[in-house]
Undergrad: 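Starting off with a structure, shown below.
Note that the structure is a prediction, hence the values are computed from the model and not measured. All chains are named by letter (A, B, ...) in the order of the sequence lines, taking the proteins before the strands, and each is independently numbered beginning at 1.
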Amino acid sequence: MEYNHKSLEKKWQKFWADHETFKSADTHEKPKYYVLDMFPYPSGAGLHVGHPLGYIASDIFSRYKRLKGFNVLHPMGYDSFGLPAEQYAIQTGQHPAITTEANISRYREQLDNIGFSFDWSREVRTSDPSYYKWSQWIFMQLFNSWYNNESNKAELIDTLVSCFETVGSKGINAVSDDDVLSFTAAEWLAFDEEKQQRELLKYRIAYLRESTVNWCAALGTVLANDEVINGFSERGGFPVEQKKMMQWSMRITAYADRMLQGLDLVDWPEPLVEMQRNWIGKSVGALVKFPVPQLDTNIEVFTTRVDTIFGVSFVVLAPEHELVSKLTTDEQQTDISAYIDRTSKKSELDRMSDTKTVSGAFTGSYAKHPITGEDVAIWIADYVLASYGTGAVMAVPSGDQRDYLFAKHFNLPIVQISDSQQIEEEADPNKEGKYINSDFMNGMNYQDGVTAVIAKLEELKLGKAKINYRMRDAIFGRQRYWGEPVPVYFKNGLPYLIKEEELPLLLPEVDKYLPTETGEPPLGRAENWKYEDQYDYELSTMPGWAGSSWYWFRYMDPQNEQTFASKEAVDYWKSVDLYIGGSEHATGHLLYSRFWNKFLKDLGFHNEEEPFKKLINQGMIQGRSNFVYRLLSDEGKGTNTFVSYGLKDQYNTTPLHVDVNIVVNDILNLEKFKASRPDYAAAEFILEDGKYICGTEVEKMSKSKFNVVNPDDIIETYGADTLRLYEMFLGPLEQAKPWNTNGIEGVYKFLKKVWRLFHDAEGNFKVSNDEPTKAEYKALHKIIKKAEDDIERFSFNTSVSAFMICVNELTDLKCNKRAILEQLVIVLQPYAPHISEELWSLLGKEDGSISYATYPTFVSDYLVESEFAYPVSINGKMKMNLLLALDLDAKAVEEIVLSNEDVKRFMDGKALKKLIFVKGKIINIVV
RNA sequence: GCCUAGGUGGUGGAACUGGUAGACACGCAGGACUUAAAAUCCUGUUUCCGUUAAGGAAGUGCGGGUUCGAUUCCCGCCCUAGGUACCA
């Protein structure tokens with residue numbers, strides 16, 4: 001029989017499913033290994049060849065780890081709440097659950113075709129009530145907790161209440177809203193229920209507060225910062241505006257520092273770690289107050305260079321700053337109003353792109369310098385952002401380029417404050433020299449200066465050291481239908497949790513998936529949906545990231561009805577050892593997941609500070625579009641004649657996308673092209689060398705560009721094993737690359753070669769029981785070692801090449817030895833599981849599946865006289881060039897005599913080994 | 001602007017700690033088998049010089065440097081991709 005991928009792949013996929021081959025046991029005999037893929041949102045378009053890239057890599061690794069004797073957890077599920085299903089529901093009226101179900105079936109079918117070793121018994125779906133029950137439960141814990149800075153962890157709100165009851169608010173060091181009250185224990189006890197709850201809400205980790213949010217009118221919902229890109233929504237690209245609303249938020253900022261420190265504990269790609277660091281944006285600096293005696297208040301600024309305080313020549317407020325109107329003098333009123341008017345008209349986008357123009361206006365008022373007491377002019381300018389720090393800055397033109405430009409433009413003083421500053425052309429922020437013009441700091445260096453100035457400010461009660469973060473608390477509510485209901489009802493306008501035993505709070509049915517006439521979220525349409533028949537439920541739902549911020553725990557114990565995952569399961573599986581997914585989740589999912597993980601740890605549900613130990617970002621697979629060139633008539637109209645790529649410049653043509661599925665190696669299949677559309681039926685071609693060559697371009701893979709390649713089509717033609725090998729062969733896993741089917745024949749040929757090696761001319765399976773030769777063993781053991789080395793460093797593309805080399809060698813040796821095949825198929829199994837299983841069973845193995853086999857150990861004896869000892873090594877360092885430098889011919893050398901001078905020259909005086917290898921030959925070195 | 005990654009044949013890419021650059025594959029050219037096609041196999045394929053060959057020279061974005069030796073390390077530039085942006 002020839003290699004028939006179709007029948008044998010179906011056969012083994014069925015075998016694995018029937019035998020639950022990949023079901024992972026919660027046993028303790030074997031060491032555990034948890035390999036996780038970022039679970040997909042099941043979209044209506046199905047999978048294209050780019051989607052499985054990461055899944056294939058993780059599957060190879062999982063299968064490899066199983067062969068290495070690990071109890072591997074490799075699950076898959078669906079992040080099935082989300083916007084597209086809901087948008088579809090709005091258009092068609094079809095319930096999102098139905099759309100979602102259909103999409104999931106399609107996904108499952110496509111995934112199954114690729115032959116993954118997922119443990120499907122652990123499948124989760126975030127939109128399933130048995131799952132979102134626990135998303136709601138975790139929300140309840142977050143609502144019921146506060147962050148204690150003293151213990152540096154989240155604690156149940158009861159501990160805060162008992163503090164209030166015994167000593168009042170004094171001594172509480174919590175992460176909270178800014179407007180918390182000060183009270184004694186007696187005062188607290190005298191508060192009524194409503195006042196107490198209102199106060200506690202300022203401490204809860206999940207809290208409700210009036211805040212400025214990103215409002216997307218087109219989607220009818222608020223969005224988190226990571227869902228907004230340059231002022232437009234990530235999904236759909238609709239404009240987003242700032243709006244004040246009562247909103248649920250998560251106090252993720254409480255964890256800012258731990259999230260930063262945790263990055264040192266994980267093995268993640270550097271760019272990703274860097275992205276999270278920037279997103280968190282820690283700035284160490286100080287808060288400084290500039291008194292404004294006439295208003296009996298202070299302007300508070302945040303600065304990272306408090307040491308430059310004597311260089312302050314003015315203060316700048318954001319145009320939106322609350323003190324602006326009070327500070328503006330009558331003479332300046334026109335100027336300021338005009339300026340505010342102008343900036344408010346600028347869109348967020350304009351304001352960001354226009355960073356070159358210096359603009360601002362003088363309020364007419366002066367503040368007092370906190371130390372010298374001198375008058376400092378107060379300006380407003382849009383380079384100061386209301387949303388960062390305090391919305392006000394102290395301007396030090398000599399040390400900050402923006403302040404410098406501003407000062408130059410408006411002719412404000414520029415004071416040199418360090419003897420090392422060069423400020424003729426631009427600001428100089430260096431910290432090298434000694435301070436000048438700086439009062440008591442004169443002559444000090446940077447370190448001493450900072451300490452001295454902060455001490456002075458604290459003494460004056462006009463400043464203190466302060467750490468500022470760029471990261472904001474995460475908005476948690478969405479005014480949408482297709483998400484988890486928030487398990488909260490309202491009494492007297494205050495939120496209360498429903499009882500735990502009332503979970504899950506099911507998503508109610510609605511007549512339409514649109515906001516109500518009064519502008520309430522779709523859940524406002526649900527009839528008779530009241531808590532205890534009288535209280536209103538929260539009408540917003542949870543954001544998309546709620547369900548994905550803890551799902552790796554659910555896989556550990558997916559059916560548990562008592563808890564989100566049992567203590568035993570969590571203690572055994574701990575955290576994810578290898579996580580594979582795209583880098584687009586750097587500041588969303590991966591941040592929120594770390595946050596919830598830390599929170600759940602604080603409450604004692606598990607012991608892992610970080611959820612994902614090692615993370616790999618698979619590169620995005622882009623589309624590779626093909627083009628045909630339509631000849632234009634003299635009037636510039638399209639004709640029905642198409643010019644081949646190489647000749648197109650000789651004609652007047654216009655490029656058109658052509659379906660990549662009717663193009664092979666950039667050569668257009670003319671018949672299929674004519675059949676593709678009725679108006680092409682009579683198409684004519686201007687060919688080169690008898691062929692029609694298409695042009696190409698790398699673009700995003702999408703339907704509109706006719707460059708979508710469906711894995712099912714590849715599998716139909718070449719098989720799943722070929723697809724798996726080819727996706728790995730395409731290049732380094734982490735690198736973005738265009739999908740190009742041009743090279744796939746190569747790996748397909750490789751599999752056919754493997755097959756033929758152990759089949760005779762008639763196509764019958766045939767192996768020899770003879771003892772393999774040394775050369776045959778060498779070829780085998782080389783691949784055993786190489787595949788293992790490569791897989792451990794996630795270099796899958798090079799090991800596919802190594803397999804090809806190995807099989808080419810075995811083919812040259814005409815090797816069909818049983819002893820070789822037995823081990824070869826095990827090593828090949830992670831990459832090409834179907835053909836390996838088939839050959840394994842043809843070998844007459846009775847233990848059922850190759851998946852239970854053990855990875856072979858390589859024997860170094862076979863490798864000594866090979867490339868591995870290549871070519872000359874002394875202390876593992878000096879190689880071939882030693883001979884070259886001494887002008888010796890490697891082939892002729894039997895013995896090398898080195899003078900002490902040579903040794904010194906080459907070895908840096910280190911001890912010299914007596915033996916070296918030259919092309920596998922051992923020769924002496926005499927010193 | 002800043003941060004990060006990268007730049008190697010016609011193409012995808014390999015070279016793991018500084019040690020024969022271009023593995024492997026695609027494509028291309030030539031050949032074998034075949035009535036023919038498909039499939040399969042063999043040979044060649046960085047560039048230039050050399051009629052073929054033997055052989056030689058150059059060569060990993062550009063310019064320098066360290067080293068017996070640099071795709072790899074260092075300095076300065078150019079370009080590409082991703083992220084981020086008046087963050088005080």
Undergrad: What nucleotide among B:G12, B:C16, B:A88 has an atom nearest to a side-chain atom of A:R793?
TA: B:C16
Undergrad: Within 45° of the ring axis of A:Y469 and under 6.0 Å from its six-membered ring centre, is that where the NZ or CZ of A:K282 lies?
TA: no
Undergrad: Under 4.0 angstrom, heavy atoms only, what part of the nucleic acid is A:D403 near: base, sugar-phosphate, or nothing?
TA: nothing
Undergrad: Just checking A:E270: base, sugar-phosphate only, or nothing, at a heavy-atom cut-off of under 4.0 Å?
TA: nothing
Undergrad: Using the C1' atom in both, what is the distance from B:C28 to B:A21, to the nearest Å?
TA: 22 Å
Undergrad: With rounding to whole Å, what would you report as the distance between B:C79 and B:G10 at their P atoms?
TA: 23 Å
Undergrad: Roughly how many Å is it from CD1 in A:I744 to C1' in B:G27, rounded to a whole number?
TA: 16 Å
Undergrad: Among B:G13, B:C24, B:C26, which is the nearest nucleotide to the side chain of A:M804?
TA: B:C24
Undergrad: Measuring to OP1 and OP2 of B:G12, would you say a side-chain N or O of A:R624 lies under 4.0 angstrom away?
TA: no
Undergrad: Using the ring pair (Phe, Tyr, Trp, His ring centres under 6.0 Å) criterion, which residues pair with A:F803? Sequence neighbours excluded.
TA: A:Y831
Undergrad: Whether the A:S583 and A:N617 side chains hold a donor-acceptor pair (N or O, under 3.5 Å, no angle test) is what I'd like checked.
TA: no
Undergrad: Would you call the rings of A:F796 and A:F794 parallel, tilted or perpendicular, taking 30° and 60° as the class edges?
TA: perpendicular
Undergrad: Below the 4.0 Å mark, does B:A88 have OP1 or OP2 next to a side-chain nitrogen or oxygen of A:S283?
TA: yes
Undergrad: Judged by modelled atom types alone, do A:T798 and A:S795 share a side-chain donor-acceptor pair under 3.5 Å?
TA: yes
Undergrad: State whether the side chain of A:Q421 and the backbone N or O of A:I417 hold a donor-acceptor pair below 3.5 Å, judged by distance alone.
TA: yes
Undergrad: Check whether any side-chain nitrogen or oxygen of A:R402 sits under 4.0 Å from OP1 or OP2 of B:C87, and answer yes or no.
TA: yes
Undergrad: By nearest atom, which of the nucleotides B:C24, B:A14, B:A88 is closest to the A:I805 side chain?
TA: B:C24
Undergrad: State which of B:C24, B:U4, B:C42 makes the closest approach to the side chain of A:D812.
TA: B:C42
Undergrad: Distance check, P atoms only: B:G65 and B:U60, in whole angstrom units.
TA: 15 Å
Undergrad: Report yes if at least one side-chain N or O of A:R756 is closer than 4.0 Å to OP1 or OP2 of B:A39; otherwise report no.
TA: no
Undergrad: How is A:P732 classified with respect to the nucleic acid when contacts are heavy atoms under 4.0 Å: base, sugar-phosphate, or nothing?
TA: sugar-phosphate
Undergrad: Would you kindly compare A:M275 and A:R305 by the position of their nearest RNA chain B nucleotide and give the one closer to the 5′ end?
TA: A:M275
Undergrad: Under the rule for side-chain contact (heavy atoms from CB on, under 4.5 Å), what residues qualify as partners of A:P429, not counting sequence neighbours?
TA: A:R305
Undergrad: Has A:N617 got a side-chain N or O lying under 4.0 Å from the OP1 or OP2 atom of B:A5?
TA: no
Undergrad: Nearest-Å distance, CE (A:M620) to P (B:U80)?
TA: 20 Å
Undergrad: Below the 4.0 Å mark, does B:A25 have OP1 or OP2 next to a side-chain nitrogen or oxygen of A:K749?
TA: no
Undergrad: Using atom CG of A:L730 as one end and atom P of B:A14 as the other, report the distance to the nearest whole Å.
TA: 11 Å
Undergrad: Using a heavy-atom cut-off of 4.0 Å across all strands, would you classify A:E745 as base, sugar-phosphate, or nothing?
TA: nothing
Undergrad: Applying side-chain contact (heavy atoms from CB on, under 4.5 Å) to A:W379 and A:F410, what does each step give before you reach the verdict?
TA: CA-CA 10 Å; A:W379 287 68; A:F410 290 106; 3.5 Å; yes
Undergrad: For nucleotides B:C73 and B:A5, find the distance between their P atoms and express it as a whole number of Å.
TA: 11 Å
Undergrad: Which way is the base of B:G9 turned, syn or anti, if we draw the line at 90° from 0?
TA: syn
Undergrad: Using the C1' atom as the reference point in each nucleotide, state the distance between B:G61 and B:U80 in Å, no decimals.
TA: 10 Å
Undergrad: Looking for any heavy atom pair under 4.0 Å, which part of the strands does A:N740 touch: base, sugar-phosphate only, or nothing?
TA: nothing
Undergrad: Measuring only the C1' atom in each nucleotide, how far is B:C33 from B:C26? A whole number of Å is fine.
TA: 24 Å
Undergrad: Verify the contact: side-chain N or O of A:N797 to OP1 or OP2 of B:C24, cut-off strictly under 4.0 Å; return yes or no.
TA: no
Undergrad: For B:A85, which nucleotide is its Watson-Crick or G-U wobble mate, given both distances must be under 3.5 Å?
TA: none
Undergrad: Provide the Watson-Crick or G-U wobble partner of B:A25, both distances under 3.5 Å; none if there is no partner.
TA: B:U11
Undergrad: In whole Å, I'd like the distance from the NE2 atom of A:H5 to the P atom of B:A39.
TA: 14 Å
Undergrad: Is there a donor-acceptor contact under 3.5 Å linking the side chains of A:T741 and A:Y718?
TA: no
Undergrad: Contact class for A:N278 vs. all strands (heavy atom < 4.0 Å): base, sugar-phosphate, or nothing?
TA: nothing
Undergrad: Across all strands, who's sitting opposite B:U40 as a Watson-Crick or G-U wobble pair, both distances under 3.5 Å?
TA: B:A32
Undergrad: Using a heavy-atom cut-off of under 4.0 Å over every strand shown, decide if A:K753 touches base, sugar-phosphate, or nothing.
TA: sugar-phosphate
Undergrad: If you measure from the C1' atom in B:G56 to the same atom in B:G18, how many Å do you get, rounded?
TA: 27 Å
Undergrad: Can you tell me which nucleotide in B:C87, B:A15, B:A88 comes closest to the side chain of A:R470?
TA: B:C87
Undergrad: Find the partner of B:A57: check Watson-Crick (N1-N3 plus N6-O4 or O6-N4) and G-U wobble (N1-O2, O6-N3) distances, both under 3.5 Å, and reply none if neither fits.
TA: B:U47
Undergrad: For A:R277 and B:U84, give me the distance from atom CZ to atom P, rounded to whole Å.
TA: 17 Å
Undergrad: 5'-most contact on RNA chain B: A:D790 or A:S801, nearest heavy atom basis?
TA: A:D790
Undergrad: Could you give the CH2-to-C1' distance, from A:W279 to B:C3, as a whole number of Å?
TA: 15 Å
Undergrad: Please report, rounded to the nearest Å, how far the P atom of B:A14 is from the NZ atom of A:K786.
TA: 10 Å
Undergrad: Counting heavy atoms from C-beta on, name the nucleotide in B:C3, B:A15, B:U40 closest to the side chain of A:K752.
TA: B:U40
Undergrad: With a 4.0 Å limit, can you tell me whether A:Q735 has a side-chain N or O closer than that to the phosphate oxygens OP1/OP2 of B:G13?
TA: yes
Undergrad: I'd like the P distance from B:U17 over to B:G83, given in whole Å.
TA: 28 Å
Undergrad: Is there a Watson-Crick or G-U wobble partner for B:A5 with both distances under 3.5 Å, and which nucleotide is it?
TA: B:U80
Undergrad: Would you kindly give the CD-to-P distance between A:Q622 and B:G12, to the nearest whole Å?
TA: 12 Å
Undergrad: Over all strands shown, is A:F803 touching base, sugar-phosphate only, or nothing at heavy-atom distances under 4.0 angstrom?
TA: nothing
